[in-house]
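Just so it is clear, the structure is predicted and the values come from calculations on it, not from any experiment.
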Amino acid sequence: MRNPLARIGLLVAALFCSHAPAADPAPAAKALTPVKIALDWKPEPEFGGFYAAQVNGDFAIAGLEATILPGGSGTPIPQMLAAGTVDFGIVSGDQLVNLRSKGGDIVALFAVYQTSPQGLLTGADRNITSLKQLLETPGTVAWEAGLPYVAHFKKLYNLSQLKQVPYTGGLPFLNGTNVAQQCFVTSEPLLAEKQGHKVSSFLIAESGYNPYTTVLAVRGEYLRQHADLCRAVTAAVRAGWQGYLADATKTNEVMRKLNPSMDAATFAASAEAQKKLIETEETKADSIGSMTETRWQTLIDQLKEYKVITAPVKASDCFVSPK
Amino acid sequence: MPPLLTLLVFILVWHLYARTGRTAEYLLPGPGKVLSVLFPTPAAFKNDAELFQQALDQRKDLLIALGETTQGALAGFGLSITVGTIFAALLASSRWARAALYPYAIFFQTVPIIAIAPLLVIWFGFGLRTVIASAFIASLFPIVANTLAGLISTDPNLVDLFRLYGGTGFRGKMLSLLKLRVPAALPQTFTGLRVAGGLAVIGAIVGEFIGGGGLGSIVDVARTQQRTDVVFAAVLLASLLGLALFCVLGALSWALLRHWDAGARAN
Amino acid sequence: MSFSASVGISLSAVTKVFPGGVRAVGGAEPVTAEIVAGEFQIFLGPSGCGKSTLLRLIAGLDVPTTGTISLTPGGGGKPQSAVAGDIAYVFQEPHLLPWRNVLRNAALPLELMGVPKAKRLEQARLALADVGLSDFAAAYPAQLSGGMKMRVSLARALITRPKLLLLDEPFAALDEITRQRLDDMLRDIWARTGMTVVFVTHSVAEAVFLGRRAWVFSQRPARIVLDTPIDLPEARIPALRTDARFAEIAHRLSASLAETQQGAEVLAAHGLRDGGVIR
């Protein structure tokens, strides 16, 4: 999650929204089933595979016509999914567990990142070489204090020297000295370097907190009623990601038209940088996006330990096995 | 009595709606759940000591935050009263000044604070100063607009009367301003104050989203944690703050205006 | 309270044209006339004819477009400019300050002239006694009736012992009985003080009852179409209103009013046909 501003009111919208209207019906010749996927941010390499599935025809092959809805700062996808405003949406693993613990029923179909790109960055001139050093050296950090990784850090490190301020997007580490900030390591560091600032960035995952990130989720009730459709969507998305990892050029062009705020070079660099977070030894070949019960259980245990959730959550209820 | 009755009816309707389960609890908690954030009992946490302690800590945070937001809102409000009334007096004194400057005062009403947030933080840093700035920006315009309207709508016959005995020189103009225009403008000024007070609270909370601290950051964190009961509790406290401010202004208005005609006194 | 000073008013070729071309006074025929010191002068005319504007010119609240208005001291002498407090003005509405009590409202003119607090409140008490409101010094305007508020307005006007008292239809909004009572009060004060009074009205009955001399004005722009003395005894008792001479003077003034176009409407408002007399 990057720009978290202005989520207020969208929660209220989720309260009162009815089901989103169906997409335009396909031409009579091909009876493609329409599906809508709601993103939680603007089109970026983070969602490359979804757009690739559209561009390369993977959805069409599966008999689907997909509409991808870009999000913005504050789109409350978990609530929108649970309320039925959208059928398919992108959430993070911890959001999913949290909502389940409160009685919301959403289930993960596909996880883009095996390693979460959530990270912290700071100016390279501070010569900081580890997360521990970053968090225990006197300074300021701009982050969303409500995110579970913060509770994780509180348990792990001594944050008494740190002044915590809100993160509202942009590159706040530039304002003042000894400032660090939340980031997606595939995004903000590249942006900073493009503007001529040297930064050091650190993956939060390396400190032991690694939820599945950019997860395609669906309402539990919907999954039970449309199991075949969900399988088809998952397969199309997987194919899309395989295609995007192989060659991102055409899809990047399409995404850039929708999101002109990043230039072509940064798009390409970001797409390249994220590869190692998406592909691991296990997921190479045909298991991109698959998830294991062990990792969900670890996440649940951690969230319980950090008091993010109080009610129990069953790991096997959180996701669907790819097969 | 009547407002209390309305409140009870409202809480009852809210409670009944929440019971129906039409809207999930994580979206719309019932009044009981919200109140238990402010008044936690061990029983509510099934006697889990750690959870109960967490709830007590949460409540302590909320009350501290209420204090911080109150500080920011009052300071911002005080600043906008000072600047706003002086600016209105300046605008009232000359048609040229009004034409040249009034349109820019409207900027304060229409600028979305969220849009200028990065600037506020760069200028004022994180913390109370940004919150005060935000509360100031949000509450300035109604004070200027209403005070100005009050100052330029003085009864022209009374203005004539003051000129007749006080003359048209500087002394006469000052007498007219201080003994006629300003007191005559009080009812309308108070209308502006009543509107601005609530806006100062909202402005302070928005400023806290950006600058940290107070009820704003509690709401921000609680939203991310999907703790809608805490969000509602914080919103409730903010409403109480706004209400308290409104009541204080009402009492002040009553004290100052109680001898006026019922028509001149703006309830 | 009695004062011996008064002023005469000399209007010389006076016109008033407002920005935008509205001709209020004079127009093609500038107004030239004299008001004798100590006079009870009536300005009678249809609504909107400009008599109030002329009154404001005399008060110095506005400046004539052409011509001059000068004040000469009673008893002869060179024209002199008015000093604060020499001229008092009573409006159509009482226009009291609602945030002040009656006493402080009455004291306002002295306050604006810089008179110390004790002295001006003392004078205010005297002025209130003169209009019969001593018991209400601590009351606030919101608590008073229309007639009482107008009496406070009168007390306020009298507090500086003015040489010239200008009144612009002051009792028009009051009921008949209160109006007559205040007419009596005003006339009595004038008789005691000897100041010059200019009284604007569009009621012929009031004009005849109060005045010693009357100017009838034309429709806008205001010009004097009739200048006549009102030949009635100095002591204006209520019985006078049914006197034959009263009716005759009233008729003469009404006729003059009727000649102005809007005058006919004034008569109609009094419910009369040709040849009638205004009550």
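Looking only at heavy-atom pairs under 4.5 Å with chain C, the residue among B:P183, B:G167, B:G166 that has the most is B:P183.
At a 4.5 Å heavy-atom cutoff, the contact between B:N157 and chain C is made by backbone and side-chain atoms alike. The contact between C:L108 and chain B is made entirely by side chain atoms (from C-beta outward), counting heavy-atom distances below 4.5 Å. For B:L180, the parts lying near chain C are the backbone and the side chain together; criterion is any non-hydrogen pair under 4.5 Å.
Across every non-hydrogen atom of B:L175 and C:L112, the tightest pair is CD1-O, 3.7 Å. When all heavy atoms are compared, the tightest approach of C:G60 to B:R163 is O-NH2, 4.4 Å. In this structure, B:L164 and C:A59 approach most closely via the heavy-atom pair CD1-O, 3.7 Å. Shortest non-hydrogen contact noted between C:R100 and B:K179 is NH2-CD, 4.1 Å.
Contacts between residues 87-95 of chain C and chain B, defined by a heavy-atom separation under 4.5 Å, are made by C:I87, C:A88, C:Y89, C:F91, C:H95.
At a threshold of 4.5 Å between non-hydrogen side-chain atoms, the residues B:L256 and C:W99 do not count as touching.
The neighbour count for B:F246 CZ, taken as heavy atoms of other residues, nucleotides or ligands under 6.0 Å away, does not exceed 12. Within a 6.0 Å radius of CG in B:L178, more than 12 heavy atoms belonging to other residues, nucleotides or ligands are found.
Here the CG atom belonging to C:L97 is positioned 7.5 Å from the CG atom belonging to B:L161, to the nearest 0.5 angstrom.
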